[in-house]
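Report on the following structure.
Predicted model only: the values in this text are computed from it and were never measured. No hydrogens, no waters, no symmetry mates; every other heavy atom, side chains included, goes into these values.
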Amino acid sequence: MGRLNSSELEHFVHLGKRKYRRERRALKKLFRTNEHRVEPDVKVVDRTIFKYWKNRLTLFSRMRNRDIYMTRELWFSVTPESVAKFVARFIKSCLPEAKVVLDVYCGGGGNTIQLAQYFPKVYGVDNSLDHLYCAYRNAQAYGVEDRVWLKFGDWRVLSRKRRFEKVAVDCVFSSPPWGGPEYLRSEVYDLEAALQPQGLRETLAGLLRISENVVLFLPRNADLSQLSRVTRELLGEQALCKVLYVKQNGYMKGILCFWGARFYNYAGSTAEPSGAAQESSGVAEPCEVAPGADTLDYSVDG
Ligand SMILES: C[S@@+](CC[C@H](N)C(=O)[O-])C[C@H]1O[C@@H](n2cnc3c(N)ncnc32)[C@H](O)[C@@H]1O
């Protein structure tokens, strides 16, 4: 565990540069002090995260090996492992030849790690050094750290500076912050006003500049008509957005939204569709169809 060595530092893209001296020092300290390591058998004292702690093995199954790292925020924002696994396998089924995937807002690596099980190179971006550190530690726990490249920075800035547009990214996945556990307070989640740190339109426009294949993980009460409208505005009247409702143990975790022809044609694809869904015990379930959006009628149980 201990110190950050030079080959580990390479996986924190650009952090070896002079201008990141302060961040590099902070990162070294996190490694040295083994910060954020979870002791899975020790009950958390923070009552607001107890319910997440109770289900800790659904977040990272490797938690039982005592080598998972979490911040307080990560307890309620990490994508549960079965969901992350499903997404990664689904993308792999649709884009079997893809090599490079970008995970924007990668957090503690819930998605990054599962994507790295299927794709040789996965970039993760986050503006929290603590989260990037946890993502790297967690990738080590799953033995995929060599495939993971982490970029520290504010996505709005990186996107404005078009930082990833010259990288040959085959697919962009993103699980943006939903605004904390309060996202269910209103019946319908406003994808422009509530989604952080940018609304849906700006988020999607930025990601589509990097790849035509984009996947967003959004709240289950997201406004489908906004999805439909933004899809048409950005991609034309005939454009489609495929929506999958994702369940875990009977509980609706969120929706997965896909843009890109390879995802729409999935039903006709010969690549192992049900394998991906059945591994997480896929369950057919009717759902609403948003005008102009193509919503698929199944969800996933983990
Ligand atoms: C919902 S969490 C992502 C969880 C992740 N998929 C996982 O499984 O661990 C959202 C992440 O976005 C990051 N974030 C928030 N604002 C950001 C910004 N402006 N630029 C980059 N990252 C940001 C947060 O630090 C947080 O880690």
Side-chain angles (χ1 to χ4, degrees), residues 36 38 43-60 68-84 86-87 103-112 124-132 134-135 154-156 159 173-204 206-207 215-230 241 243-257 285 287-288 290 293 295 299-302:
H36 303 312
V38 178
K43 218 176 180 175
V44 293
V45 279
D46 184 340
R47 291 166 65 123
T48 56
I49 57 172
F50 181 69
K51 72 170 180 176
Y52 304 98
W53 177 83
K54 260 196 337 196
N55 297 318
R56 57 202 176 284
L57 293 182
T58 67
L59 300 180
F60 289 109
I68 291 300
Y69 293 71
M70 300 283 267
T71 64
R72 183 181 176 279
E73 182 184 337
L74 288 175
W75 279 108
F76 51 82
S77 58
V78 153
T79 304
E81 187 167 303
S82 65
V83 175
F86 172 75
V87 184
D103 180 2
V104 175
Y105 310 119
C106 69
N111 293 102
T112 311
V125 176
D126 207 284
N127 68 348
S128 159
L129 199 60
D130 289 68
H131 288 182
L132 287 184
C134 290
D154 184 331
W155 178 250
R156 291 166 298 185
S159 176
F173 171 83
S174 180
S175 165
W178 298 352
E182 296 78 36
Y183 75 91
L184 281 173
R185 285 238 172 99
S186 53
E187 205 178 318
V188 179
Y189 183 92
D190 185 327
L191 289 165
E192 289 304 338
L195 198 66
Q196 301 294 318
Q198 301 169 314
L200 175 68
R201 195 179 195 291
E202 210 179 345
T203 302
L204 184 60
L207 302 182
V215 184
L216 279 180
F217 188 41
L218 297 173
R220 65 182 198 232
N221 54 342
D223 186 342
L224 295 184
S225 63
Q226 283 179 316
L227 265 181
S228 172
R229 201 165 44 245
V230 169
C241 164
V243 178
L244 296 188
Y245 283 76
V246 182
K247 271 188 178 175
Q248 188 197 31
N249 299 327
Y251 179 78
M252 189 82 79
K253 299 302 283 184
I255 61 173
L256 284 166
C257 306
E285 190 172 275
C287 65
E288 274 180 69
T295 54
S299 52
V300 187
D301 246 328

Worksheet item: Within a reach of under 6.0 Å around CD of Glu187, are more than 12 heavy atoms found that belong to other residues, nucleotides or ligands?
Response: no

Worksheet item: Which pair of non-hydrogen atoms, one from Gly107 and one from Asp126, has the smallest distance, and what is that distance?
Response: N-OD2, 2.8 Å

Worksheet item: Can you find a heavy atom in the side chain of Ile255 that is under 4.5 Å from one in the side chain of Leu224?
Response: yes

Fill in: pair Thr58-Ser82: side-chain heavy atoms closer than 4.5 Å
no

Practice prompt. Step by step, work out the side-chain contact (heavy atoms from CB on, under 4.5 Å) result for Glu202 and Arg156.
Written response: CA-CA 9 Å; Glu202 210 179 345; Arg156 291 166 298 185; 5.8 Å; no

Practice prompt. Would you mind reporting whether Thr71 and Ser128 have side-chain heavy atoms less than 4.5 Å apart?
Written response: no

Discussion item. With rounding to the nearest 0.5 angstrom, report the CD1 to CZ distance, Ile49 to Phe76.
Written reply: 8.5 Å

Worksheet item: To the nearest 0.5 Å, what is the distance between CG (Leu184) and CE (Met252)?
Response: 11.0 Å

Worksheet item: How many angstroms lie between atom CZ of Phe173 and atom CG of Leu207, to the nearest 0.5 angstrom?
Response: 11.0 Å

Worksheet item: Is there side-chain contact between Phe60 and Val38, with at least one heavy-atom pair below 4.5 Å?
Response: no

Discussion item. Return the CG to SG distance between Leu227 and Cys257, rounded to the nearest 0.5 Å.
Written reply: 4.5 Å

Practice prompt. Of all the heavy-atom pairs spanning Ser159 and Gly206, show the shortest one and how long it is.
Written response: OG-CA, 4.1 Å

Worksheet item: Residues in ring-ring contact (aromatic ring centres under 6.0 Å, His included) with Phe217, at least two apart?
Response: Trp178

Fill in: Student check: side-chain heavy atoms of Pro197 and Tyr105 closer than 4.5 Å
yes

Discussion item. Do Leu195 and Leu218 have side chains that approach each other closer than 4.5 Å (heavy atoms only, starting at C-beta)?
Written reply: yes

Fill in: Arg201 and its side chain to side chain contact (heavy atoms under 4.5 Å, CB included) partner, picked from Glu192, Arg229, Gln226
Glu192

Practice prompt. Answer yes or no: is there a side-chain heavy-atom contact under 4.5 Å between Asn55 and Asn249?
Written response: no

Worksheet item: Which pair of non-hydrogen atoms, one from Thr203 and one from Gly199, has the smallest distance, and what is that distance?
Response: OG1-O, 2.7 Å

Worksheet item: For the residue pair Pro176 and Gln196, what are the closest heavy atoms and their distance?
Response: CB-O, 3.5 Å

Worksheet item: Taking the side chain as C-beta and beyond, is there a heavy-atom pair between Asn221 and Tyr183 under 4.5 Å?
Response: yes

Worksheet item: Can you name the nearest heavy-atom pair linking Thr79 to Ala84, along with the distance?
Response: CG2-N, 3.9 Å

Worksheet item: How far does CE of Met70 sit from CG of Asp130, to the nearest 0.5 angstrom?
Response: 13.5 Å

Fill in: Reported CZ-to-CG distance for the pair Arg72 and Asp46, which is rounded to 0.5 angstrom
4.5 Å

Practice prompt. Quick one: closest heavy-atom pair of Tyr245 and Arg220, and the distance?
Written response: CE2-O, 4.3 Å

